[in-house]
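Written below as structure tokens is the structure these notes are about.
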Amino acid sequence: MAHSVSGGTVLTILLISRLLENTLLNAEVKEGEILPPTIQRLMKGYNKYLRPFFDNGPVTVGMSLDIASIDTISEINMDYTATIFLRQRWTDERLVFEGNKSLSLDGRLVELLWVPDTFIVDSKKSFLHDITVENRLIRIFPNGTVLYALRITTTVACNMDLTKYPMDKQTCTLQLESWGYNINDVMFYWTRGNESVSGLDTLQLAQYTVEDHYTSASEAVYETGRYPRLVFHFELKRSILYFILETYVPSSLLVVLSWVSFWISLSSVPARICIGVTTVLTMTTLMMGARTSLPNANCFIKAIDVYLGICFSFIFGALIEYAVAHFCTLTHADAHMLMYGHHMYDMDDEMNGIVTTISTHANRAKRRKEPAVTSPPAPASAELSVSPSSPSGSEPKPEVSPPEPTNWCLTTLATLRKILRFISCCHIENPHHIDNYSRVTFPLSFVFVNLLYWTYYLYF
């Protein structure tokens with residue numbers, strides 16, 4: 001009973017397909033249009049809803065590509081747009097006919113034939129050209145081989161690693177896969193291996209050159225089964241000359257321009273500040289312009305960002321160098337005035353000491369010249385000399401106390417002198433030497449960093 005039911009179902013499907021086929025065939029035969037006898041014989045009993053070798057294993061489909069153009073390669077959207085000629089070949093035993101010449105049919109007759117359900121994996125947008133008619137080609141050979149060609153423009157996703165941008169290499173793919181037929185129904189293969197794809201040798205791209213390309217075959221595994229897949233790989237190398245002229249040379253020249261301030265006098269404050277601020281603002285504008293054509297992804301620290309950051313650091317460092325040099329100039333002037341003041345104070349102390357010594361010697365000489373008659377008052381002087389030692393004498397204390405603050409002041413001044421000498425050792429003797437050192441250290445450092453940068457990104 002089960003076999004009779006299944007047989008009835010198959011018979012029903014065949015009848016429905018036959019009716020649909022007759023309807024389509026009659027629709028094609030309009031007024032004034034009669035299919036050639038050969039085509040009529042081929043279409044008689046042909047069911048396009050059943051694949052070739054339906055009960056005798058999978059049908060093998062050979063693929064070949066001709067890359068007509070690669071229009072755009074977008075780093076922002078991470079995709080490329082290409083126009084290709086896709087050619088598919090398979091054998092349909094129901095289309096065998098006598099003769100030694102192939103039949104080239106109108107592309108609109110493809111609606112009467114079975115064709116593979118090939119689609120482009122990772123395609124974002126695709127369309128078939130239809131000017132002036134749909135760009136299809138159908139050719140049937142006497143042994144039943146069918147050649148089916150299409151002209152397609154497609155936008156395909158391409159995952160890019162932009163860490164070395166613009167010295168990067170990108171490997172993109174074009175993957176062809178069967179939509180509904182698994183590996184038990186359809187098998188895909190490249191007709192001529194790596195030679196199955198042509199057109200790349202004569203292809204001209206704006207920023208890239210095609211370094212290598214090759215083909216591979218694999219299987220796509222999904223929940224619904226395993227499906228045949230063909231993959232075309234092509235490697236693109238970016239041309240760096242445009243970026244050297246557009247970004248690297250201007251940023252390097254801005255760094256060199258910031259060094260001009262090292263040859264301008266420290267007293268020319270407006271000139272040096274103007275150069276420093278102008279170069280910083282120009283470098284900021286250049287950095288913002290370089291990022292407009294790139295994806296705003298935090299995961300990518302690109303090589304061009306590193307170089308622009310290096311240039312910005314050197315330009316900003318030149319501006320900071322002037323601030324440091326100018327500050328050292330002011331500090332050096334204040335310290336010089338302070339040391340000059342202490343020196344004058346020392347000279348005043350010395351002069352006071354000399355005057356005191358001279359006056360003391362003069363008093364002694366005057367006392368020696370006085371007559372002996374003046375000797376009786378000696379006891380009084382003796383009393384005055386003894387009186388300080390008496391326990392009741394409190395008046396002499398104010399005469400003895402002044403030397404103590406004087407000693408404390410001298411000790412403080414000596415300490416300050418030591419501190420100033422220590423600080424003066426840490427400061428540059430001449431602030432103008434800062435510019436002299438910068439004229440050498442900044443260019444040498446920039447050249448050294450450039451050597452490291454280009455060596456790493458070009459060879460590692």
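Below, each value reflects all heavy atoms present in this structure, side chains not excepted, and no hydrogens, waters or symmetry copies.
Taking the six-membered ring where the residue is Trp, the centroids of Y453 and Y457 are separated by under 6.0 Å. A centroid separation of less than 6.0 Å is found between the aromatic rings of F232 and F234. Here W114 and Y148 keep their ring centres 6.0 angstrom or further from each other.
Taking the ring centre of Y46 as origin, the terminal cationic atom of R94 falls inside the region bounded by 6.0 Å and 45° from the ring axis.
Annotation: side chain of R87 is not in contact with side chain of M63 (no heavy-atom distance under 4.5 Å). Contact annotation: the side chain of E111 never approaches that of L109 to less than 4.5 Å [non-hydrogen atoms, C-beta and beyond]. Under the 4.5 Å side-chain criterion, counting only non-hydrogen atoms from C-beta, L65 is in contact with L174. By the 4.5 Å heavy-atom criterion applied to side chains, R139 and L103 are not counted as neighbours. Looking at heavy atoms from C-beta onward, Y322 lies in side-chain contact with I273 at the 4.5 angstrom threshold. By the 4.5 Å heavy-atom criterion applied to side chains, R238 and L162 are counted as neighbours. For the pair L113/M43, a side-chain contact is recorded, criterion being any heavy-atom separation below 4.5 Å from C-beta on. L176 is listed as a side-chain neighbour of I120, based on a closest heavy-atom distance under 4.5 Å.
Every side-chain contact (heavy atoms from CB on, under 4.5 Å) that T224 has, sequence neighbours left out, goes to Y222, Y227. In this structure, the ring pair (Phe, Tyr, Trp, His ring centres under 6.0 Å) partners of F127, at least two apart in sequence or on a different chain, are H129. By the side-chain contact (heavy atoms from CB on, under 4.5 Å) test, S239 pairs with T209, sequence neighbours left out. Taking the ring pair (Phe, Tyr, Trp, His ring centres under 6.0 Å) definition, one finds that F97 meets it with nothing, sequence neighbours left out.
To the nearest 0.5 Å, atom CD of residue Q170 and atom CD of residue E75 are 7.5 Å apart. The structure places OH of Y248 at 5.0 Å from CD1 of I304, a figure rounded to the nearest 0.5 Å. Considering CD1 of I315 and OG1 of T284, their distance stands at 8.5 Å, rounded to 0.5 Å. With rounding to the nearest 0.5 angstrom, the CG atom of L42 is 11.0 Å from the CG atom of L112. In this structure, CD1 in I152 is found 5.0 Å from CD1 in I84, a value given to the nearest 0.5 Å. A distance of 13.0 Å separates CD in E134 from CG in L137, rounded to the nearest 0.5 Å.
Aromatic ring orientation, Y214 versus H233: parallel (interplanar angle below 30°, classes split at 30° and 60°).
Between the side chain of Y80 and the backbone N or O of T173, at least one donor-acceptor pair lies under 3.5 Å. Side-chain N or O atoms of N182 include none that pairs as donor or acceptor with a backbone N or O of G180 at under 3.5 Å. Remark: the backbone N or O of I244 is not paired with any side-chain donor or acceptor of T247 at under 3.5 angstrom. For the pair T145 (side chain) and F141 (backbone), a donor-acceptor distance under 3.5 Å is absent.
S258 and T279 are not linked by any side-chain donor-acceptor pair at a separation below 3.5 angstrom, with hydrogens and angles left out of the test. Side-chain contact check for E177 and T118: no donor-acceptor pair (N or O, by modelled atom type) lies under 3.5 Å. Under 3.5 Å, the side chains of D117 and S178 contain a donor-acceptor pair of N or O atoms. With no hydrogens or angles considered, a side-chain donor-acceptor pair links S123 and S126 at under 3.5 Å. Side-chain contact annotation: Y307 with N450, donor-acceptor N/O pair under 3.5 Å present. Counting only N and O atoms by type, the side chains of D79 and T155 include no donor and acceptor under 3.5 Å apart.
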Take T278 and L281 through the test side-chain contact (heavy atoms from CB on, under 4.5 Å) and record every step on the way to the result. CA-CA 5 Å; T278 302; L281 294 178; over 6 Å; no

Might you work through the side-chain contact (heavy atoms from CB on, under 4.5 Å) test for N77 and K124, ending with a clear yes or no? CA-CA 11 Å; N77 300 323; K124 297 182 178 180; 4.2 Å; yes

Please evaluate residues V197 and I67 with respect to the criterion side-chain contact (heavy atoms from CB on, under 4.5 Å), reporting the C-alpha separation (whole Å), side-chain torsions for both, the decisive distance (0.1 Å), and the verdict. CA-CA 7 Å; V197 181; I67 308 296; 4.0 Å; yes

Yes or no on side-chain contact (heavy atoms from CB on, under 4.5 Å) for T163 and D168, after CA distance, side-chain angles and deciding distance? CA-CA 8 Å; T163 53; D168 56 329; over 6 Å; no

Could you walk me through whether D435 and R272 pass the salt bridge (Lys or Arg N to Asp or Glu O under 4.0 Å) test, one step at a time? CA-CA 12 Å; D435 282 343; R272 297 195 65 161; 2.8 Å; yes

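Listed here is the closest heavy atom pair of R136 and V110: NH1-CG1, 2.8 Å. The two residues I183 and P58 have their closest heavy-atom pair at O-CB, 3.9 Å. Taking all atoms of both residues into account, the shortest heavy-atom contact from S251 to L308 is CB-CD2, 4.0 Å. Nearest heavy-atom pair across M160 and S74 is CE-O, 3.7 Å. The two residues S252 and C311 have their closest heavy-atom pair at N-SG, 4.4 Å. Nearest heavy atoms, F442 versus A318: CE2-N, 3.7 Å.
In summary, of the residues considered (L147, V61, V186), a side chain to side chain contact (heavy atoms under 4.5 Å, CB included) with W90 occurs for V61 alone.
Contacts classified as ring pair (Phe, Tyr, Trp, His ring centres under 6.0 Å) and involving residues 186-209 (residues at least two apart or in different chains) are not found.
Annotation: F119, atom CZ; neighbour count of heavy atoms from other residues, nucleotides and ligands within 6.0 Å is above 12. Heavy atoms of other residues, nucleotides or ligands lying less than 6.0 angstrom from CG of N159 number 12 at most.
Electrostatic pairing of R439 and E321 does not count as a salt bridge here, judged by no charged N lying under 4.0 Å from a carboxylate O. Looking at R229 and E219, no side-chain N of the basic residue comes within less than 4.0 Å of a carboxylate O on the acidic one, giving no salt bridge.
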Show me, pair by pair, the donor-acceptor contacts under 3.5 angstrom made by side chains of residues 262-269, not counting sequence neighbours?
from, atom 1, to, atom 2, distance (Å)
S265, OG, S267, N, 3.3
S265, OG, S267, OG, 3.0

